[in-house]
Each structure stands twice: as structure tokens, then as C-alpha cells.
There are 2 protein chains.
Amino acid sequence: MTEAVRVLLADDEHLIRGALAALLSLEEDLVVVAEAATGPEAMAMARAHAPDVAVLDLQMPGADGVRVATTLRAELPACKVLIVTSHGRPGHLKRALAAGVRGFVPKTTSAQRLAELIRTVHAGNRYVDPELAADAISAGDSPLTAREAEVLEHAADGAPVAEIAERAALAEGTVRNYLSSAATKLGAENRHAAVRLARERGWV
Amino acid sequence: MTEAVRVLLADDEHLIRGALAALLSLEEDLVVVAEAATGPEAMAMARAHAPDVAVLDLQMPGADGVRVATTLRAELPACKVLIVTSHGRPGHLKRALAAGVRGFVPKTTSAQRLAELIRTVHAGNRYVDPELAADAISAGDSPLTAREAEVLEHAADGAPVAEIAERAALAEGTVRNYLSSAATKLGAENRHAAVRLARERGWV
DNA sequence: TCCGGGGCCTGACATTTGTCATGCGAGGCC
DNA sequence: GGCCTCGCATGACAAATGTCAGGCCCCGGA
């Protein structure tokens, strides 16, 4: 038998992380060498233990799974990343793949299946949940231009146009214009609905 | 030794549910008699198995944990409810307690601790995570009147005033008035920021 | 080279939204 | 009863937002 696969587990929910560690330990060929509850902690643990596979939650305090994946890719190219997420938005998947992530699955996956997937990515293959992939494809690419997306992000917390204009160093009219065109492209009634839609699709 | 505590586990994340079931099974005095992935499923399972304790996720498709708890209280008063949540908003705790929930903890709790809490609520005691309780107290009661909250909910998806007015069967001016007073009470710049704040505090 | 298209940026104008003064009815208090 | 406060409801006015036509610059194709 070959060496056991060394796994890093990162999730801010202690409940799921501990339970998962216990279940994965039941698998003969998997060994959890480190656990982390935050993004920075995950990076530190990865540096310290150089795991074969990193199982990362998408939503963590400090730095999200994709950012951790980006760092890992640069510092530990041999470490394969598998992202696990509760509420998968299409755009996240795209960002994750761009960051070199090898696997992307929802938390509705069973532990048994997850163990299989850890082996899959460790073997050098990729795996993306079919349903999430379908969502990402049907959502397609963002139709927004760089400025439109930028302005929309600044508008995300409901700030008035004047404030957005200041933060983006643009005239108010310009900001209104981008907001308007973004809303039109997304088929939204106004910028607030546009923000909501863009969020859902992971475009901001 | 007394009878084992019969537990119902409801969570839409298969990963956490399965893992948790496995871990709780390691406890001698606990037995998981049913699992569910949605609100309605949880209710059906509860009726079928009449568990001693129901461990419910707050966010589930179909009906959230609090709604399930309300139903359970009416139909199975003997069944104690323990709510587990990922991102606890102050208002949810209040609603949960009003629904007769006996325990309320974040998912950052360890499985070991959760097992203890299941015994605690089964014994008839209550337990609320101290940090969540502190948040709820500092956030205080909602300052919004019934109509203000109602209108704010209708405004949640960024709909224009005309649409809100129609849905709430009010004049447009009236809707604007409620929106304005709600925003003022919450210290928000406009209704959209108000919606965001109210969401954070769990008041809508 | 010279268009044409697309992204970026702007101010002027129409529409929507937020604020204010006001009226009405239901309770609590003297 | 008389008085006050508070929530509910409305329309008029002021301010913020959305829409439009147009100018500028860069790049790729004719």
C-alpha cells in the first residue's frame, strides 16, 4: 500500500470540521494532519505541514477559500485544493478554477463521497459538482465592464451616489450612468436590485 | 442506566448531518433515530419518530428551524428543540426563544459540547450561547412598528415604491413615509441601507 | 489611412425617492 | 370627560436617482 494522503481541513464551523476529521480518519488511506478555523490559520498550517490535499471552506473569517487557494498555489504547488461550500454562487466557481482549485463541491455532499473526491484530486484529476457547473454555465460570463462592476461594488452597502462618486473618483453623473447601464444589463429595476442579482451570480 | 436519548437531526448539509450522526452515535446515551434535510421533512420525521430532542439547523430549505420549532411545540410538546446555526443574527435568537426553543448555539461549537447540550436540554434545562446572547442583548428590541417592518420586508429585494405600495395595499406616500421613519430609526442613509442593517440584526 | 464600434466620461432633464406638515382614531392618565 | 401620546395614513414639496444625447480616446478591420 502507498503512503496515506495527508489532508489539511479548514472550516470555521468547529462542528463540521471536527466531525469531518473524525469521519475521514476512518478511511485507511487518509490522514488529517492539520485543522484550521480561519483563512490565515489555514495558510500557516499549510506552510507548517505541507499537506497533499487542502479541503477549504469557501466562507471563512480572515480570507476566503479562494484567496487561500491562490496563496497555496504560489507557495505549495504540490498541494491540491478542494473547495467545499454551503451556498455555491456561480461566480465563485469560476474564480476558484482560475485560482487553480482542483475540486469544488457543495456541503450537501456526503462524507463518503468527499473521501473519494480527496483521492480523486490527489491523483491529479479534477472534479466539479455537476449542478454547480450547470449553474455557472447558465449564468455565463459577467456582461459588466470593469468600471460597471467597480461602481456596483461600491454601491453594495446602499451608499448614496455622492459617496460612491467620491470613492471611485468619478463625477456623480458618471456613476449614475454606470449604475444605470449595469442595471439594464442585468435586467434589474434599479441599482439595488442589480447589486442583489450580481451577488447571486457571483459577479461582484 | 436510563433509556437512551432519542435524537432527530435536521440540516440540509449532508456533510455535517452525516458526520454529526456518526459522532453522536459514539455517545452511549444518545441515539439518532431520524435525519432530515428540509423543514417539512424534519416535521414529518418528528411526527413519525417522536424524538426526545430535535437538533435543527436554522437555515433549511422549505421552512427554517424556528418555524419547525413552532410546529413541534404545538404537536409534540415533549420534544425539546435545540437550534444550531452558522451565522447567528440577534433577532433569530429572540424569535427562537419565543417559539419555545430550549437551546441555541453556533456551529463553531464542538461535537463533544453539542452532545452535552443535548443532555442538558433533554433534562429540561435551557442553554444559549453566551456570545450570541450578548449580541442579542446589545442589539436590543426592534424599534420598528409592525407596518414599518412589513414595508421594509417588501422593500428587501430592491423593488420600487410603486410595487411595494401595491403589495402592501397602501398609498405610495404612505410607503415612503414608513420607509423613511424606519431608515431614521436605524440610522441608515436610505431604505436600502436600512434593509441591510435590519437584516443584520435579525429584525426582518 | 480612415472608419466604426466599444469602453469611458460628462452634464442636462425627467422620474423616483425621502421629508415634512397634517389629520384621524385608539388607548392611557388626570 | 378632557387631554396627551402614539401608531397609521396621506399628499405636497425638495432632494436624490435614473435616463438620455453626446464627446473623447483607443483598437481592429476595410
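Per chain, numbering begins at 1; letters A, B, ... match sequence-line order.
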>> Taking the side chain as everything from C-beta on, heavy atoms only, tell me whether B/V84 gets closer than 4.5 Å to B/L114.
In response: yes

>> Please confirm whether the shortest side-chain N or O distance from B/R147 to OP1 or OP2 of D/dA9 is below 4.0 Å.
In response: yes

> How would nucleotides 15-27 of chain D be written as a contact map, 5' to 3', with B for base contact, S for sugar-phosphate-only contact and - for no contact, using protein heavy atoms under 4.0 Å?
Replying inline: --BBBBB------

> For the side chain of A/Y178, counting heavy atoms from C-beta on, which of D/dG7, C/dC9, D/dT10 is nearest?
Replying inline: C/dC9

> If you look only at pairs with a residue in residues 185-195 of chain A, which of them pass as a salt bridge (charged side-chain N to carboxylate O under 4.0 Å, His left out), with sequence neighbours excluded?
Replying inline: A/E148-A/K185

>> One thing to verify: whether A/R147 and A/E150 come together as a salt bridge, which I'm taking to mean a side-chain N less than 4.0 angstrom from a carboxylate O.
In response: yes

> Nearest-Å distance, CG (B/L170) to C1' (D/dG11)?
Replying inline: 14 Å

>> Using a 4.0 Å heavy-atom cut-off, does A/T174 contact any base of the nucleic acid, only the sugar-phosphate backbone, or nothing at all?
In response: base

>> Contact between A/T38 and A/M60 at the side-chain level, heavy atoms closer than 4.5 Å - yes or no?
In response: no

> Side chains of B/L93 and B/D129: closer than 4.5 Å at any heavy-atom pair?
Replying inline: no

>> Looking at A/R167 and A/E163, is there a salt bridge between them, counting it only when a charged N and a carboxylate O are closer than 4.0 Å?
In response: yes

